[in-house]
Amino acid sequence: MASYKDFLAQGGEKKWQDHWLNTKIDQASDFSDKPKKYVLDMFPYPSGAGLHVGHPEGYTAIDIYSRYLRLKGFNVLHPMGWDAFGLPAENYAIKTGTHPRITTEANIATFRRQIQSLGFSYDWDREVDTTDPKYYKWTQWIFLQLFKKGLAYEATVPINFCPSCKTGLANEEVKDGKCDRCGTQVEKKDLRQWMLKITAYADRLLEGVDKLDWPTSIKTLQKNWIGRSEGAEVDFQIAGSEEKITVYTTRPDTLFGATYMVLAPEHQLVQELKDKIENFAEVEAYIATAKNKSDLERTELNKDKTGVELKGIKAINPVNNVEIPIWISDYVLATYGTGAIMAVPAHDERDWEFAKKFNIPVIQVIAPLFDEVSEEDRVRPDKKTEVRDTVCVIIKHWSDNSFYCLNWEKFNWKSFVLGGVEAGENGQDAAIREMKEESGFKNIKAIRKIGGETHNSFFATHKDVNRYAKFNCYFIELADGERIEEEKIDTEFHFGEWIKSDNVDSYINLDNNLWYWRIYKNGETAFTDIDNGKMINSEFLDDLVPEEAIRKMIVWLEEKGVGKKAVNYKLRDWVFSRQRYWGEPIPLVHCDKCGTVPLDEKDLPLTLPEVEKYEPTGTGESPLATIDEWVNTTCPKCGGPAKRETNTMPQWAGSSWYWLRYIDPHNDTAFADQEKLKYWLPVDLYLGGAEHAVLHLLYARFWNMVLFDLGVVPQEEPFTKLINQGLILGEDGEKMSKSRGNVVNPDDILKEYGADTFRMYEMFMGPLEDMKPWSTKNILGVHRFLYKIWEMSQFVVDGSSDEELERVIHKTIKKVGEDIEKMGYNTAISAMMVLINKIQEVKTVSRNDFEKLLVILAPFAPHMCEELWSQLGHAESIFKEKWPEYDPDKVIDSEIEMPVQINGKVRAKLVLPANASDEEVKAAALSDEQVKKYISGEPKKIIVVKGKLISIVI
RNA sequence: GCCCGGAUGGUGAAAUUGGUAGACACGAAGGACUUAAAAUCCUUUGGACUAAUACUCCGUGCCGGUUCGACUCCGGCUCCGGGCACCA
């Protein structure tokens, strides 16, 4: 028999690849008695660089799973195709004049060859290519359905425009203010665009997320991207005018704290109120500056707020009829909500910053609420409650950086000076009086108020009542150490201590005291916590918690007709047109008489015409606009002269439905046959990179929902379960990139070690989902493993294996099966390695057991297993076999090693029969010599964990 | 700043309804075979203390807690990766 090395060198793997292709062993049959599984890879963009090692990671994972499922008796659909529209081929065309079709075909050929050389069990009869007119006929058809449902519309809006790609981009394609493709800073540009109304599906896209078996990170990414928020729209009348400003807010509870309003610079109303604005020149100048700021500048400057007040007009706060100023500022976005806000500086950080900068008043309407949680201090329902105005006094030493604190030893409180405000006193009076009474000091250098009002509810043991204390805090700096008469100092419950500034944080143990201390140290900010607060200064909302206040305020607003409940999303409609050549033409014509008219379905596909120059015009027109004979057409409705839409679709169009086409790829009369769709859908397992979280995966869900609503797709959600494979990094631990020179080409690895080794290595590296570095030398480990199995044929005997080996075999079958089901391939491989090591040790394995081993290894290393299988004399493929059953009795050991822990430390190990009773185990442990050394007298406790360990407490 | 992940030997990693930390593999060291090398096979390999593969102690990013027992659970941090970023 030839060596494994010879097998590889003589093209043994290719031999089997050809055999599988020729016998169509991987073909999925539509309709079958077997249960179906649809397992799917994200199809690649066939780039000129060819496959990199990241691609096969996911493909191998899915391939192993597919082969396993077939062995388990499933009818498996496992297809591959090409997401082939896109910029690289087009940019190459611009540079060289080569038609993108030619480049694309060449790249697809390379990709197909490389993918086939890895021995993946794809059903190649179902291959799809998004650039094939037979395919994009149906992409266009779906677009027409969207158009007819009113989900595709034309609009001239400011969109993200990439000056390098010279095309508009969807929001999802902008990362960090840069073009996702080329990294160029995007600009805002007003362009006529085709938009898809994905926002109409925002709620369903959001709700659906929860039902999906997807990684939580992707689910949260989608949720955050959709960004639903609930709140209210509120109308603010402009004083002395019929005009009003409508704002969106999630915090209607804070309306009494709204001290100004802000409009986005682009807000229409600014122009409409032009005549009333006294400083309109200044306002216009600001608008112009804001407009010229790029997105980058806007975000870079986001720390420093700018704005201009609209002088001469005021808005009326509908809850109290107070007139408040109106500003414009670019911190308010024109595209979110109503493009205008009510500003509540006390409870919004941005408004706080703005108000501080421009000296706008701040009104606190929520008091932070502190509930004491310790047993003694908690409010007692049987005691009466006293509400009291209280002061907290932070007293600073006259020369040290120390603070005067009270130690209430009996109650375990450590606080600043505290006390109630007496009748006829104001807060500051009370603070000074309490300072004198409790500390004895009397000469003040400076006093000021700190922070706002806070509430504290607790049981006051020393007074035997529940207290609801409304706190205000004063900071006093002493002038000197002179004191009042000793006997007048209140020392009944506490004594005073000077605490160094650095130690105050750990000394004070009352939360609200600490709250003020932190404000003293770090300065005041907006209070934005919605869960721990009580409404104040808010008339009918006073004493409510914010959540209740929100509800009550919305009811009030609706009753008065000045506002209503409202929902907002961050999700924007999908900018769907591209001013480029290499994409699906949008099948619409513009007719002077009939407006925008869709092509007849029978006239699809509308194919891409030949052009002389692929260069985008950069003026918002695609290269298609330059071909008069293509542009000029007749209106399908009236037959009159009309012009074709010259924009093309984005790359995401073709990938938004491709999994449907695999089901029926050659159908000329529908995108897929309904019965076949019902049979195969949904996709049971989908694997791909996380970078598509808010691109492909969102668009695909959207299109699928639309098709579901049209009744042409049976499920609302396309992908039941999703797994993300982790990125494979270069050997240096950095992202693989040409410029770093750390890219690994699979072809080189295949030449050296073969496809089976390559597949095994990528699966053995670590968990599929993890990011992990490539290491060429580590490949040897799995290569040796395969080599050992090849050489193992010499140990194969007729008859039966050693009993111990049998147990290992059954355990391995169980473990590998379970691990494949959860894609724990690294541990499945290590289990098989353990088995191989065992066989090598005993040097004999029965033919029957060796064949079982080949079957469970076959999904991982299909070529070698198929070869050995055939060498063992089988005429049929190993993949026609059944996954072996394991014997449940043989996966349990008859004897187990049990560690004995004494006070948590392992002190001895006992070998005991697996079925020993707890009593027997205890007895064995206590009579063990090692154990005896540690025990004198009766142990306090003995814990026996069946089959695991014995824990003795002494 | 906010939201999601993650942190275990020299390296990739394994183990979680809480139960022997480091399986499996790489690398390294030693040995066998060989004229020699490669390949292959065998042995050792978390750290400290040791003549010791005898004891003992330490050890899963850091600090604290719960427990007979914590990589695993709870509280508080640090660092790294990813995403979002003035979304009212």
Side-chain angles (χ1 to χ4, degrees), chain A residues 3 5 175-177 215-221 223-225 227-229 231 247-251 254 258 262 264 298-299 301-303 305 329-333 335-344 347-351 353-354 568-572 690-691 693-694 724 726-727 729 733 735 760-761 764-767 769-785 787-788 791 824 826-837 840 897-909 939-954:
Chain A
S3 70
K5 210 175 156 187
K175 294 254 140 51
D176 236 359
T216 45
S217 59
I218 301 284
K219 296 212 277 189
T220 27
L221 241 43
K223 282 189 192 176
N224 293 343
W225 190 261
R228 182 181 202 272
S229 76
V247 302
Y248 172 73
T249 176
T250 55
R251 298 297 301 276
T254 62
V262 189
R298 260 173 106 139
T299 40
L301 298 172
N302 80 27
K303 288 273 154 12
K305 300 261 182 296
S329 169
D330 63 5
Y331 87 91
V332 171
L333 306 175
T335 50
Y336 185 77
T338 61
I341 62 157
M342 65 176 209
V344 184
H347 305 291
D348 182 282
E349 276 166 37
R350 297 150 299 175
D351 298 345
E353 221 180 290
F354 192 84
N568 252 291
Y569 299 92
K570 287 202 245 179
L571 186 70
R572 298 273 82 96
E691 68 274 18
V694 291
N724 290 127
L727 205 62
L729 304 172
K735 214 167 177 167
M760 295 280 291
Y761 172 62
F764 188 60
M765 288 171 83
E769 298 88 340
D770 286 9
M771 188 187 279
K772 45 209 174 283
W774 178 268
S775 164
T776 298
K777 69 183 179 192
N778 281 10
I779 293 173
L780 272 176
V782 286
H783 191 63
R784 282 177 192 148
F785 166 73
Y787 169 86
K788 285 187 207 172
E791 294 293 319
N826 53 334
T827 49
I829 292 169
S830 96
M832 290 188 281
M833 284 174 167
V834 171
L835 170 60
I836 294 308
N837 291 345
Q840 199 147 50
E897 191 188 55
M898 287 182 89
V900 184
Q901 287 186 353
I902 295 164
N903 284 355
K905 286 193 191 300
V906 178
R907 296 298 186 185
K909 287 176 183 179
K940 275 192 203 132
K941 203 173 179 185
I942 303 179
I943 298 152
V944 177
V945 184
K946 205 152 188 70
K948 296 279 188 193
L949 57 53
I950 306 137
S951 183
I952 301 173
V953 189
I954 54 170

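Residue numbers start from 1 in every chain, and the chains themselves are labelled A, B, ... in the order their sequence lines are given, proteins ahead of strands. Quick caveat: nothing in here was measured; it's all calculated off a predicted structure.
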Q | Closest to the A/Ser217 side chain, choosing from B/C24, B/G12, B/C4 | A | B/C4
Q: Could you tell me the separation between the CG atom of A/Asn778 and the C1' atom of B/G10, rounded to a whole number of Å?
A: 12 Å
Q.
Please confirm whether the shortest side-chain N or O distance from A/Asn826 to OP1 or OP2 of B/A14 is below 4.0 Å.
A. yes
Q | More than 12 heavy atoms of other groups within 6.0 Å of A/Lys5 NZ | A | no
Q. With rounding to whole Å, what would you report as the distance between B/G59 and B/G47 at their C1' atoms?
A. 7 Å
Q. A/Pro767 near the nucleic acid: base, sugar-phosphate alone, or nothing, with a heavy-atom cut-off under 4.0 Å?
A. sugar-phosphate
(Q) When you measure from the side chain of A/Asp351 to the backbone of A/Val344, do you find a donor-acceptor pair of N or O atoms at a distance under 3.5 Å? (A) yes
Q) Does B/C86 have a Watson-Crick or wobble mate here (both distances under 3.5 Å), and if so which one? A) none
Q. Quick one: OG on A/Ser951 to CD1 on A/Ile902, what's the gap to the nearest 0.5 Å?
A. 9.0 Å
Q. Between atom CE in A/Met898 and atom P in B/G19, what is the gap in whole Å?
A. 14 Å
Q: Output the distance between atom CE (A/Met765) and atom NZ (A/Lys772), rounded to the nearest 0.5 Å.
A: 6.0 Å
Q) OP1, OP2 of B/A85 versus side-chain N and O of A/Asn224: anything below 4.0 Å? A) no
Q: Write down the distance separating the C1' atoms in B/G10 and B/U44, rounded off to the nearest Å.
A: 16 Å
Q) How would you label the contact of A/Val834 with the nucleic acid (heavy atoms, under 4.0 Å): base, sugar-phosphate, or nothing? A) sugar-phosphate
(Q) Please compare A/Met771 and A/Tyr761 by the position of their nearest nucleotide in RNA chain B and report the one closer to 5'. (A) A/Tyr761
Q: Specify the separation, in whole Å, of atom CD of A/Glu691 and atom P of B/C84.
A: 12 Å
**Q.** Anti versus syn assignment for B/G30, with syn defined as within 90° of 0
**A.** anti
Q) Is the backbone N or O of A/Gly904 less than 3.5 Å from a side-chain atom of A/Arg907, with the two atoms forming a donor-acceptor pair by type? A) no
Q: Whole angstrom is fine here: how far is it from CG in A/Leu221 over to P in B/C3?
A: 14 Å
Q | Nearest-Å distance once atom C1' is located in both B/U16 and B/C73 | A | 10 Å
Q: Could you tell me which nucleotide pairs with B/A32 by Watson-Crick or G-U wobble geometry, both distances under 3.5 Å, or answer none if nothing does?
A: B/U40
Q) Starting at the 5' end of RNA chain B and moving along, which residue's nearest nucleotide shows up first, A/Thr827 or A/Lys905? A) A/Thr827
Q: Mark yes or no for a side-chain to base donor-acceptor pair under 3.5 Å between A/Gln901 and B/G19, with no hydrogen or angle criteria applied.
A: yes
**Q.** Nearest-Å distance once atom C1' is located in both B/G9 and B/G27
**A.** 12 Å
Q: Might you confirm whether atom NZ of A/Lys948 has over 12 heavy atoms from other residues, nucleotides or ligands at distances under 6.0 Å?
A: no
Q. If you check the A/Asp330 side chain, which of B/G12, B/U20, B/C86 turns out closest?
A. B/C86
Q: Report which part of the nucleic acid A/Lys570 touches: base, sugar-phosphate, or nothing (heavy-atom distance under 4.0 Å, all strands).
A: base
Q. So which nucleotide does B/G64 pair with, by the Watson-Crick or G-U wobble rule with both distances under 3.5 Å?
A. B/C74
**Q.** A/Tyr761 side chain near A/Phe785 side chain, heavy-atom distance below 4.5 Å
**A.** no
Q. Under a 3.5 Å cut-off for both distances, is B/G81 Watson-Crick or wobble paired, and to whom?
A. B/C4
Q.
Need one value for A/Glu897: base, sugar-phosphate or nothing, where a base atom within 4.0 Å counts as base even if backbone is also close, heavy atoms only.
A. base
**Q.** For atom CG of A/Leu780 and atom P of B/A28, their distance in whole Å
**A.** 11 Å
Q.
Over all strands shown, is A/Met342 touching base, sugar-phosphate only, or nothing at heavy-atom distances under 4.0 angstrom?
A. nothing
Q: Write down the partner of B/C57 under the Watson-Crick or G-U wobble criteria, each distance required to be under 3.5 Å.
A: B/G47
Q | Opposite nucleotide pairing with B/U17, Watson-Crick or G-U, both atom distances under 3.5 Å | A | none
Q) Just how far, in rounded Å, is C1' of B/C86 from CG of A/Asp351? A) 10 Å
Q.
If I pick the C1' atom on B/U60 and the same atom on B/A14, what distance separates them, to the nearest angstrom?
A. 12 Å
Q) Can you tell me how far P in B/G31 sits from the matching atom in B/A37, rounded to whole Å? A) 12 Å
Q: Side chain of A/Lys175 only, please: which of B/G83, B/C86, B/U20 is the nearest?
A: B/G83
Q: Take atom NZ of A/Lys735 and atom P of B/C80, then tell me their distance rounded to the nearest Å.
A: 18 Å
(Q) Output the rounded distance in Å from CG (A/Leu949) to P (B/G18). (A) 14 Å
Q) Side-chain donor or acceptor of A/Lys305 under 3.5 Å from a matching atom on the base of B/C86? A) yes
Q: Using a heavy-atom cut-off of under 4.0 Å over every strand shown, decide if A/Ser229 touches base, sugar-phosphate, or nothing.
A: sugar-phosphate
Q. Given the C1' atoms of B/U11 and B/G19, what is the spacing between them in whole Å?
A. 29 Å
Q: For the side chain of A/Val332, starting at C-beta, report the closest nucleotide among B/C68, B/A88, B/A25.
A: B/A88
Q) What class does the angle between the rings of A/Tyr331 and A/Phe354 fall in, given that below 30° is parallel, 30 to 60° is tilted and above 60° is perpendicular? A) tilted
Q: Answer yes or no: does a side-chain N or O of A/Lys941 lie under 4.0 Å from OP1 or OP2 of B/C68?
A: yes
Q: Could you measure between the two C1' atoms, the one in B/C4 and the one in B/C63, and give it in whole Å?
A: 25 Å
Q.
Main chain of A/His347, side chain of A/Arg251: is a donor-acceptor contact present, judged purely on distance under 3.5 Å?
A. no
Q. Would you say A/Arg907 reaches B/G69's phosphate, i.e. side-chain N/O to OP1/OP2 under 4.0 Å?
A. no
Q. Below 4.0 angstrom from OP1 or OP2 of B/U40, is there any side-chain N or O of A/Arg784?
A. yes
